[in-house]
Each structure stands twice: as structure tokens, then as C-alpha cells.
Amino acid sequence: MTTRQLDKTYDPKAVEDRWSGEWINRGYFRADEKNHPGQPYCIVIPPPNVTGSLHVGHALNHSLQDILIRWRRMQGRNTLWLPGTDHAGIATQNVVEKQLMAEGLSRESLGRERFVERVWQWKATSGNTIVNQQKQLGESCDWDRLRFTMDEGLSKAVIEVFVRLYEDGLIYRGERLINWCPRCLTALSDIEVEHEEVKGKLYHLRYPLADDPNTGLIVATTRPETMLGDTAVAVHPDDPRYRHLIGKNVRLPLTTREIPIVGDRILVDLEFGTGAVKITPAHDFNDYEAGERHGLSRLAVLDHAALLDAAGMQQAGVESSVVEMLRGLPVSKARPKVDTLLREQGILEKTEDHKMAVGKCYRCKTVVEPYLSPQWFVKIQPLADPAMKAVEEGRIRIIPEGWVNNYLGWMRDIKDWCISRQIWWGHQIPAWYCLACNSRQIVTTDGRTTILQGAVPIISRLTPSGCPTCHGQQLLRDPDVLDTWFSSALWPFTTLGWPDQTPELKTYYPTATLVTGLDILFFWVARMIMMGLKFMGEVPFKDVYIHALVRDAEGQKMSKSKGNVIDPLHVMDQFGTDALRFTLASMASPGRDIKLAEERIEGYRNFANKIWNAARFALMYLDGPRTALPLAQRTLPDRWILSRLVHTIRTVTVELESYRFDRAATALYQFIWHEYCDWYLELIKPVLQTPEHPDGASTRHTLVETLETTMRLLHPFMPFISEEIWQTIPHQGDSIVVQNYPDVDQAWAAPDAEQLFALLEQTVGLVRTSRVLLNYSPGQQIPFHVGHDDLDRQSQLHQLQRHLAHLSRGTADVSPPQDWPAARLLRLVTEGLSVGIAVADDVDLKKAIERLAKQITETDKELQRVDGKLKNAEFVSKAPPDVIAEHQERVRTLSRDRALLDNSEQQLRTMLRS
RNA sequence: GGGCGAUUAGCUCAGUGGUAGAGCGCUUCCUUCACACGGAAGAGGCCACAGGUUCGAUACCUGUAUCGCCCA
């Protein structure tokens with residue numbers, strides 16, 4: 001066998017480039033839905049926006065999934081990690097529109113067909129960016145199954161779902177107040193609005209009574225300009241200030257209208273403002289509902305661009321001079337004008353500062369307007385109920401559990417889902433209208449065609465050939481497209497071939513785990529559950545693992561505008577992909593956001609280098625025969641490291657099963673660095689470096705055995721370096737990717753070896769401390785004494801003599817402390833263990849004495865504390881016997897230590913004086 | 001306004017009803033033939049505050065403060 005010489009420093013770049021491509025070429029990630037004997041384990045990736053490039057949030061999300069998938073694959077499960085991208089309707093349309101703008105074009109100038117073509121073109125050139133980046137990260141997706149939410153199969157499925165929901169009466173069209181983005185010019189669903197607190201003013205307006213203009217009612221509002229569309233004033237029916245006014249009318253200032261005063265205990269908060277509020281059903285959600293309760297008409301005074309609308313104002317009886325003054329103005333300009341008008345007319349009583357929430361478009365951050373328009377909705381309650389039940393009954397587990405209430409709470413109050421968007425990029429709604437039958441409902445003004453409420457749609461999977469009612473041939477397709485989240489809600493089954501009953505669907509649905517961030521729990525997760533239950537009759541996944549958000553080192557949300565974005569590709573370039581992956585995994589503690597700092601990644605880069613050098617070390621000493629001796633015949637270091645390894649295997653496996661990536665990563669780090677490298681490799685050096693050593697063959701075997709196993713254990717976390725090392729050391733098989741994950745082999749556990757080792761570690765620690773106290777240089781060989789109060793331990797020290805001498809660099813005399821020379825000896829004592837080192841003539845003893853004094857103080861403190869507890873009658877009578885025994889034992893040990901330390905200190909002081 | 005979470009070493013974070021832990025940073029020593037992206041030894045903490053439960057609380061309960069997130 002030829003061993004390759006490894007470089008002194010690990011260079012991730014070359015290794016990663018080679019393996020990321022090679023794994024794919026060899027088809028290791030390809031799923032087999034038909035012949036694989038293993039239990040299926042499927043994860044569908046949260047499809048990144050096709051516009052996107054990999055950011056650190058993806059890196060976290062994908063790293064965790066890849067860990068799970070690689071781990072399960074190695075465990076022999078029939079794994080499928082299904083990749084894909086999302087067409088991201090509004091976001092993508094915005095990107096392409098921006099491009100057009102730069103060319104002096106607009107989507108309107110192109111027309112719908114050419115615009116959509118243009119987006120496809122853009123997708124063809126830029127859409128693969130993120131996929132290529134994912135491959136670079138080593139993501140073990142089955143890339144042959146890459147799906148896109150607008151590819152042919154998925155589009156067909158989307159239409160199918162729409163038609164079926166419509167036929168089931170779960171989709172309807174109606175005029176409702178919806179969230180409207182005046183910049184994107186489209187409706188948004190409730191959750192696509194981000195609420196932000198801003199400073200505003202509360203305006204107190206006096207509305208005079210119609211039959212007694214000298215008295216009036218003062219209403220409080222944050223949006224004075226909408227008063228033009230008021231259709232009532234509400235007071236609380238129990239409010240003694242106003243209840244006698246209910247049923248009377250007020251004169252609405254700036255208009256020719258009179259509006260009624262109504263009593264409403266939902267809308268009106270007795271404590272807030274003046275206790276009287278205006279009702280503007282066309283421009284406020286709460287007012288809209290109040291309007292429904294009281295049968296009020298809705299008067300819209302803003303148009304689709306959120307500009308004051310002349311026609312609307314006229315219809316609302318606004319005085320013509322006011323109409324002229326305000327027409328076409330945006331709210332920001334209209335408000336000061338209205339303010340002035342109201343002041344002049346003595347209507348504005350006062351204003352006061354007021355904090356209020358404004359809604360912003362989650363795509364473009366423009367302030368959204370409640371807007372009255374006909375839209376398509378999903379009737380959600382019938383879908384939400386089973387989705388709640390699935391979680392309540394534990395058919396879906398949400399991890400961490402804390403989010404369950406969040407989910408259930410949202411589902412309980414869920415509102416019908418507005419699914420139509422007035423954009424062009426997306427799945428066009430499969431609804432057609434007969435122009436003949438709907439001549440009054442279809443109006444075109446200024447080139448904008450509006451399909452009014454009441455139009456009768458023809459819902460069809462294919463383009464209908466004619467009107468089924470009048471057989472008319474002139475049909476207009478509904479111009480709206482579906483909410484992007486409509487198609488992603490179907491992702492777990494449409495990507496597997498639904499509505500066809502494919503083998504994939506049969507094998508992999510329901511999927512095993514969904515890994516996602518909290519931010520899309522409602523957007524995506526909840527809706528997948530609803531749709532999965534509706535169309536598959538089964539939950540789409542069994543576990544939902546919700547991970548944290550990645551923030552910058554200061555805890556700020558990363559954003560391009562703040563300039564605090566950590567680019568994962570840059571980091572991968574600088575420190576290696578494995579280092580980034582390991583960092584993210586080790587920081588993925590539940591319920592806490594990740595503050596990512598580069599130093600942390602650098603630390604794990606160092607870890608990778610450490611692993612690399614451990615492998616280098618192994619390779620350097622691997623020449624010669626290797627023999628697998630029975631475990632009982634192996635050396636202490638070998639039995640100890642195997643015992644620690646099996647312990648680590650158990651920990652990593654258990655932690656992965658409970659999605660504790662952080663703990664699994666910590667266990668690996670601790671084992672590899674501080675057990676394998678710090679102790680094991682040091683311990684076996686004398687054997688490896690002695691030619692023809694009797695333990696050589698067995699030690700070399702264990703060295704390879706443990707290193708090879710450790711690489712397999714590490715592989716899901718650090719796929720590249722583990723593969724590279726695995727390939728270099730003796731192994732069987734083509735790639736670590738397809739090897740078995742290490743199993744817990746209980747035979748490796750060796751409690752006796754661990755116990756011995758603990759004594760070794762403790763003793764070596766004391767010797768090393770002594771050396772530093774006495775300023776012996778690290779290389780200097782020194783004689784030292786070791787002894788123990790406990791006879792068993794004393795004899796164990798004899799067994800350890802060789803290792804002690806090696807690790808402490810000196811010659812070890814194991815004998816009872818009372819036999820040691822009394823003079824010129826520094827003695828350190830811990831828990832019955834004594835170490836004595838000769839003091840050279842020229843040594844400064846101050847440091848050693850200080851250290852002894854300090855330890856004596858600490859021992860005293862501890863002694864008092866423990867003794868105090870034992871003197872407490874209640875403790876002795878109530879604490880469990882084993883705890884009491886333990887305390888008593890500690891008092892004994894501490895007292896002995898204390899006496900010996902005292903003695904040692906006095907000796908040193910004597911020396912100092914002489 | 002409602003709900004959830006956090007508060008532990010200088011920083012970032014684990015953790016447990018009975019000796020307080022890690023990484024980074026810091027101090028001192030060391031280029032020893034795996035690794036200076038390294039080794040060894042150290043310093044550093046009233047576990048936010050106040051009550052309660054308990055023989056015993058950093059941990060369990062209640063309240064307070066501060067910060068963060070979600071929802072309205």
C-alpha cells in the first residue's frame with residue numbers, strides 16, 4: 001500500500017473542488033425509489049428564491065439538512081434530499097422590472113407575453129446561481145430531481161389543486177378589503193405585511209351634530225385624510241358621554257354628507273382617544289368589519305396607487321373645491337392639506353403624538369394600503385382545523401416544542417387567504433369569463449381591465465372552448481396569478497409527481513423532516529400541512545425542525561443596506577466549507593439566534609487543521625504490520641480511546657436524533673481534539689516511535705481503526721476533510737459517503753481503562769503544574785515522586801508508571817509520600833494524590849509557595865462548606881444517604897489534602913529562609 | 001396591548017436540585033521530529049434582581065428590571 005504524503009496545512013479549496021463534483025458524478029446522492037431496501041428518509045428543501053444567491057441563512061438551513069441526510073444515508077436509510085427553487089412571484093418580477101427600467105423599458109411597454117418570456121430568459125441565465133453554490137457547499141441533494149415551482153409538472157399540479165378546491169367550495173372570489181402594495185400594484189396576504197412602529201399623530205376632529213351644529217362629537221383618528229370616506233361615527237353603547245347620541249347623525253366636514261352615529265362595543269375602546277371613532281370601511285380593516293356589522297356603505301377615496309381619487313371623492317360627496325385641491329395627491333402630500341383645511345374650519349381640535357403601527361410590503365417595504373377590490377380567496381377554516389389537529393395529536397412534531405403554541409394560536413385566528421396577485425410572473429389563475437355573459441362586470445378604464453365582483457368565472461383545467469351558458473366564443477382569462485406560497489404549499493407532494501401516483505410519492509411521502517426557519521412557519525409550513533392533509537390525506541412530514549435566525553456578531557439582522565452581511569461563499573473561500581458548516585452546526589442551539597462572528601469560523605478552521613495533522617501523524621507511523629488483537633489484550637491507551645470513541649458515537653447519535661446539532665458538534669470537537677489528539681496520540685508515541693515495539697502492530701491497528709471510525713462519525717458535519725483523510729488512510733470501499741455510520745459497539749466500553757486514565761490525567765496535571773511552578777523548561781527531564789493515600793490507587797500508579805514518565809518528561813518514582821526525601825521537595829496534593837518534585841538550588845520558591853497558599857485557602861473554604869452541611873441536622877436527617885456519604889468522604893479527603901499541603905508549604909518556607 | 005424567549009467568565013454561548021463548563025480573547029512559558037491554524041500552565045464568575053418551595057436553588061415557582069422576537 002502506498003501512503004500519500006499530506007501537506008502540513010490543510011488546504012480546503014483543492015479538496016472541496018475535487019470532491020463536490022466527484023460525489024455527484026458517481027451518483028452517490030441519487031435516490032432509488034424502487035429497489036432500495038432501507039426505510040425511506042426524505043427531506044424536501046425549502047426552495048430558495050430563483051432570484052437569489054446563497055446567503056448565510058441558506059448555509060445554516062442547508063448544512064443542517066445535509067447533516068441529517070448524510071447521517072441517515074450512512075445509516076442505510078433510503079434517503080432522498082429533494083432540491084428545487086421557487087419562482088418567487090413578486091420578488092422575481094421586481095428584479096426583472098428593475099432591469100427593464102435600466103434599459104428604458106417597462107413591463108407594460110413589453111406586454112404580458114413578452115415580459116413573461118423575458119423572465120424565463122432571465123431565469124435560464126441567472127437561475128442556476130444558487131444551485132451551483134449549493135453544490136459547492138457539498139449539499140448531497142439528488143440533483144437529477146431538481147424542481148422549479150413553475151416547471152410543467154408543478155404547474156399542472158397547481159391548476160389541479162385550484163380546480164379541486166374550487167369544486168369543493170374552498171376557493172371563492174369576492175370583493176373584500178385586502179392589503180395592497182401601491183408600488184407592486186398587487187394584493188398581498190395578511191402575513192405578507194410587516195408591521196413597524198412609527199411616530200404619528202392622533203388628530204381630534206369635531207364633527208357637528210346634524211340637527212344641532214353647535215354641539216358636536218370629537219373623534220380621534222391617526223389618518224385624517226380618510227375622513228372623506230367616513231360613513232359613520234362609532235361610540236361605545238355603554239358610554240354615558242355619548243350613548244344618547246346613538247341614532248343621530250353628524251355632518252361630515254368637507255363633504256355634503258351626513259353620517260350616522262352607531263354604537264359598537266368591538267370597535268370602540270372606552271379608554272382610547274376621545275371614546276368616539278370615525279368609521280371608514282374602505283380604508284381600514286377594523287372599520288371594514290364594523291361597516292359589515294352596521295350595514296354601512298364603503299366609499300373609497302384612494303385609488304390603486306394610493307393617490308387621492310377624484311372620482312371616488314366625488315362619489316363620496318366631497319366638496320368640489322376639496323376634490324380639486326387633493327386629486328391625484330399621495331397620502332403624504334394630502335394629509336398636510338387636509339390638516340390645514342380642518343384647522344381653518346375649526347374642525348381640528350388638537351393633535352397629540354402617538355405611536356402607531358404601519359404595514360409595509362414584505363418585498364419592497366412600501367407602506368401598504370387597505371384596498372377594496374375583488375380578489376380570490378381560500379376559505380381556510382376547513383383546511384386549518386385538520387392541520388391543527390395533526391399537531392395537537394402529535395402526528396407532526398414541532399421542534400423545539402415552544403413553537404407549537406405559536407402555530408396553534410395563529411391557526412386558531414386564521415383569516416381567509418387572499419391568493420390572487422395582480423402581477424404577471426406566476427401561475428395564472430385558471431378562470432375565464434364570457435364577455436357576453438359578463439358584459440357589465442368587465443370594465444376597462446385607462447387601459448386597465450377590471451373584473452368586478454359578481455362576474456361568473458369558468459373554472460377549468462384546460463382553456464375552455466366556449467361559454468357553457470351562451471356558447472359564446474369570446475372569453476377573457478383572469479389576468480391574476482396565484483400567490484407564490486400557493487405553489488410552495490404543495491411542494492412536498494408535487495415535487496414527487498402528484499397528481500400522478502408515482503413510485504416516488506408512494507415511497508417518500510410523507511417526508512421525514514422539514515428543516516426551516518421560524519420566519520416561514522406561517523407562510524409555508526402551516527400551508528403545507530393544510531394542503532398535504534387535504535390532497536394526500538396524510539401529513540407532509542413528521543418532524544418540523546425550526547432553527548434560529550443568523551445574525552451578525554452584534555446581533556443585528558443581516559441586510560445588504562446595513563452592510564453587515566456575511567457572505568458564505570467568501571467565508572468558505574477563506575476558511576473552508578467544512579469550517580463554516582461545523583460552525584453553523586455547533587451554534588444551532590434551539591431557541592436562540594445565532595450571532596455569527598468570523599473568529600468562531602476561524603476556530604473551526606483550526607479544528608480542521610488539527611484533524612488534518614492528526615491524520616498526517618498517523619500516516620507517518622503506519623509502516624509495519626497491523627494486527628487486530630482481542631480488546632482485552634490491547635494496551636491501556638488503545639482500550640481507553642476505544643471506550644471514549646464509543647461514548648462519542650453514542651452521544652453524537654443520540655443528539656442527532658433529537659436535533660441537537662450543537663451538542664453533537666461539541667462532542668466531536670471535544671473527542672477529536674482533547675481526547676484523541678491531546679492524549680491518545682501522545683500516549684502512543686513511544687510505541688510508534690520504537691522500531692519493533694511489541695505493542696506496535698496492535699497499536700497501529702487501533703490507530704487506524706479509531707481514525708477511520710472517527711472520520712465516518714465526523715463525515716456528516718465535515719464531509720470534505722473526512723472524505724479526503726478517509727481516502728488516504730487504509731479503508732475499504734469507494735467513498736466515505738456510502739459507508740456505514742459508526743454503530744455503538746458496547747464491547748469497546750472499558751470503564752476500568754477510563755478510571756485508570758483519569759488517574760493518569762490527574763497525576764500528569766500535577767506534575768506539569770509543579771514543573772511550571774519551579775520553572776523547569778518543558779524539555780528538561782526531571783525525576784519526580786508520585787503516591788496515593790488509597791492503596792488501590794497506589795498500585796494503579798505503578799501500572800501507569802511508563803505513561804507518567806513519558807507524558808511528564810522525567811522519571812517517575814512511585815512510592816508512599818512518607819518515604820520521600822523530606823528536604824528540597826515541592827509536594828502538591830489533590831484528592832489523596834501526591835506529587836513531589838525536587839527543588840533545584842537556584843529556583844525562586846515564591847511562586848510555588850503562593851500557589852500552595854492559594855490551594856490551602858481554597859481547600860479550607862470547601863472544607864468548611866461541606867463540613868457545615870454535615871453539621872446541619874436537617875441535612876443529615878433528610879438528604880439521601882449516598883449524598884451524605886459522598887460529603888463525608890469529601891471531608892476526609894479534603895482534610896488529608898489540607899494537612900499534606902500545610903506540611904509542604906512549611907517545608908518550602910523553611911527552604912526559603914535557609 | 002397579548003404571547004414567547006433570553007439574562008451564566010472580557011466576548012459568544014452550553015449546562016445541571018448536591019464540587020461552575022466550553023470556544024474565542026487575556027497572562028506566563030515553549031519553535032520538542034503531526035499541527036504555532038500548535039503545546040503546557042494559569043488568571044477570570046454573588047449564574048440579572050427580590051421573594052418563595054427545599055435539608056440544599058444558578059437550575060423549580062412567583063414577581064421585578066433590561067433586552068429580543070412573534071402577533072395585534
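The chains referred to below are lettered A, B, ... by the order of the sequence lines, with proteins before strands, and numbering in each begins at 1. Remember, it's a predicted structure, so these values are computed and weren't measured experimentally.
Between the CG atom of A:Asn406 and the P atom of B:G3 there is a distance of 13 Å, given to the nearest Å. Going from atom OH of A:Tyr621 over to atom C1' of B:C35 covers 13 Å, rounded to whole Å. Rounding to whole angstrom units, NZ of residue A:Lys610 and C1' of B:A36 are separated by 10 Å. Put simply, CZ on A:Arg616 is 5 Å from C1' on B:A34, counting in whole angstrom units. A:Glu850 has its CD atom 12 Å from the P atom of B:A43, to the nearest Å. Atom NE2 of A:His547 is separated from atom C1' of B:G5 by 18 Å (rounded to the nearest Å). One interatomic measurement links the two molecules: CG of A:Leu681 to P of B:A34, which rounds to 10 Å at whole-angstrom precision. Distance, A:Leu807 CG to B:U32 C1': 14 Å, rounded to whole Å.
Residue-level contact check: A:Arg412 touches neither bases nor backbone, having no heavy atom under 4.0 Å from any strand. Within 4.0 Å of A:Lys861, counting heavy atoms only, lies no atom of the nucleic acid at all. At the heavy-atom level, A:Arg663 lies under 4.0 Å from the strands shown only through sugar-phosphate atoms. Using a 4.0 Å heavy-atom distance criterion, A:Thr769 is classed as a sugar-phosphate-only contact. Counting any heavy atom pair closer than 4.0 Å across all strands shown, A:Glu602 reaches no nucleic acid atom. At the heavy-atom level, A:Tyr669 lies under 4.0 Å from the strands shown only through sugar-phosphate atoms. Among the protein residues, A:Asp678 comes within range of the sugar-phosphate backbone only, with heavy atoms under 4.0 Å from sugar or phosphate atoms but none that close to a base.
Rounded to a whole angstrom, the distance from the P atom of B:A59 to that of B:G51 is 13 Å. Using atom C1' as the reference point in both B:U27 and B:U66, the two lie 33 Å apart (nearest Å). Using P as the reference atom, B:G63 and B:A6 are 15 Å apart when rounded to the nearest Å. On the P atoms, B:C47 is 40 Å away from B:A36, given to the nearest whole Å. Here, B:G15 and B:A57 have their C1' atoms 15 Å apart, quoted to the whole Å. Atom P of B:A40 sits at a distance of 14 Å from the matching atom of B:A22, rounded to the whole Å. Separation of the P atoms belonging to B:C71 and B:U54 is 42 Å when rounded to the nearest angstrom. Nucleotides B:C13 and B:U58 place their C1' atoms 16 Å apart, quoted to the nearest Å.
Checked against B:C71, B:G38, B:A41, the side chain of A:Arg768 finds its nearest nucleotide in B:A41. Residue A:Lys878 places its side chain closer to B:C55 than to any other of B:A34, B:C55, B:A41. Here B:C55 is the nucleotide among B:G42, B:C55, B:C37 with the atom lying nearest to any side-chain atom of A:Phe875. Of the candidates B:G23, B:A34, B:G18, the closest approach to any side-chain atom of A:His674 belongs to B:G23. When each of B:C37, B:A34, B:G18 is scored by its nearest atom to the side-chain atoms of A:Glu682, the top-ranked nucleotide is B:A34. Each of B:G18, B:A34, B:U12 was ranked by its minimum atom distance to the side chain of A:Pro880; first place goes to B:G18. For A:Lys8, counting side-chain heavy atoms from C-beta on, the closest listed nucleotide (B:G18, B:A34, B:A36) is B:A36. Listed nucleotides: B:C35, B:C24, B:G44. Nearest to the side chain of A:Asn609: B:C35. When each of B:A41, B:A34, B:C55 is scored by its nearest atom to the side-chain atoms of A:Met620, the top-ranked nucleotide is B:A34. Out of B:G39, B:C24, B:C33, the shortest distance to the side chain of A:Trp673 is found at B:G39.
With a cut-off of 3.5 Å on both pairing distances, the Watson-Crick or G-U wobble partner of B:G10 is B:C24. Here B:G5 sits opposite B:C67 as a Watson-Crick or G-U wobble pair (both hydrogen-bonding atom distances under 3.5 Å). With both pairing distances under 3.5 Å, B:C29 is matched to B:G39 as a Watson-Crick or G-U wobble pair. Using the Watson-Crick or G-U wobble rule with both distances under 3.5 Å, B:G17 pairs with nothing in any strand shown. The partner of B:U62 is B:A50, judged by Watson-Crick or G-U wobble contacts that both fall below 3.5 Å. Pair assignment for B:A57 gives none, since no Watson-Crick or G-U wobble pairing has each distance under 3.5 Å. In this structure B:A34 sits in no base pair that meets the Watson-Crick or G-U test at under 3.5 Å.
Comment: A:Lys861 does not engage A:Glu858 in a salt bridge, judged by the lack of any side-chain N to carboxylate O separation of less than 4.0 angstrom. A salt bridge links A:Glu369 with A:Arg223: at least one charged nitrogen is closer than 4.0 Å to a carboxylate oxygen. Ion pairing between A:Glu705 and A:Arg626 fails under the 4.0 Å rule for side-chain N and carboxylate O. One finds a salt bridge joining A:Asp662 and A:Arg660 here, because a Lys/Arg side-chain nitrogen approaches an Asp/Glu carboxylate oxygen to under 4.0 Å.
Between A:Asn606 and B:G38 there is a side-chain N or O to OP1 or OP2 distance below 4.0 Å. Listed pair A:Gln689 / B:A34 meets the phosphate criterion, a side-chain N or O lying under 4.0 Å from OP1 or OP2. When the side-chain nitrogen and oxygen atoms of A:Arg851 are compared with OP1 and OP2 of B:G42, one or more of them lie within a distance under 4.0 Å. An OP1 or OP2 oxygen of B:A72 is reached within less than 4.0 angstrom by a side-chain nitrogen or oxygen of A:His195. The phosphate of B:A40 has neither OP1 nor OP2 within less than 4.0 Å of any side-chain N or O from A:Arg771. Dashed line: the shortest gap from a side-chain N or O of A:Arg600 to OP1 or OP2 of B:A22 is not under 4.0 Å.
For a distance-only test at 3.5 Å, the side chain of A:Arg605 qualifies as a donor-acceptor partner of the base of B:C37.
A distance of 8.0 Å separates CZ in A:Arg616 from OG1 in A:Thr9, rounded to the nearest 0.5 Å.
Ring to ring, A:Tyr545 and A:Phe661 are close: their centroids are under 6.0 angstrom apart. Aromatic pair A:Phe607/A:Tyr669: centroids less than 6.0 angstrom apart.
Judged by closest nucleotide on RNA chain B, A:Val876 is the one of A:Trp410 and A:Val876 placed further toward the 5' end. Between A:Ser777 and A:Tyr604, the residue anchored nearer the 5' end of RNA chain B, judged by the nucleotide with its closest heavy atom, is A:Tyr604.
With no hydrogens or angles considered, a side-chain donor-acceptor pair links A:Tyr676 and A:Thr706 at under 3.5 Å. Side-chain contact annotation: A:Tyr680 with A:Asp638, donor-acceptor N/O pair under 3.5 Å present.
Across every non-hydrogen atom of A:Ala879 and A:Ile884, the tightest pair is O-CD1, 3.5 Å.
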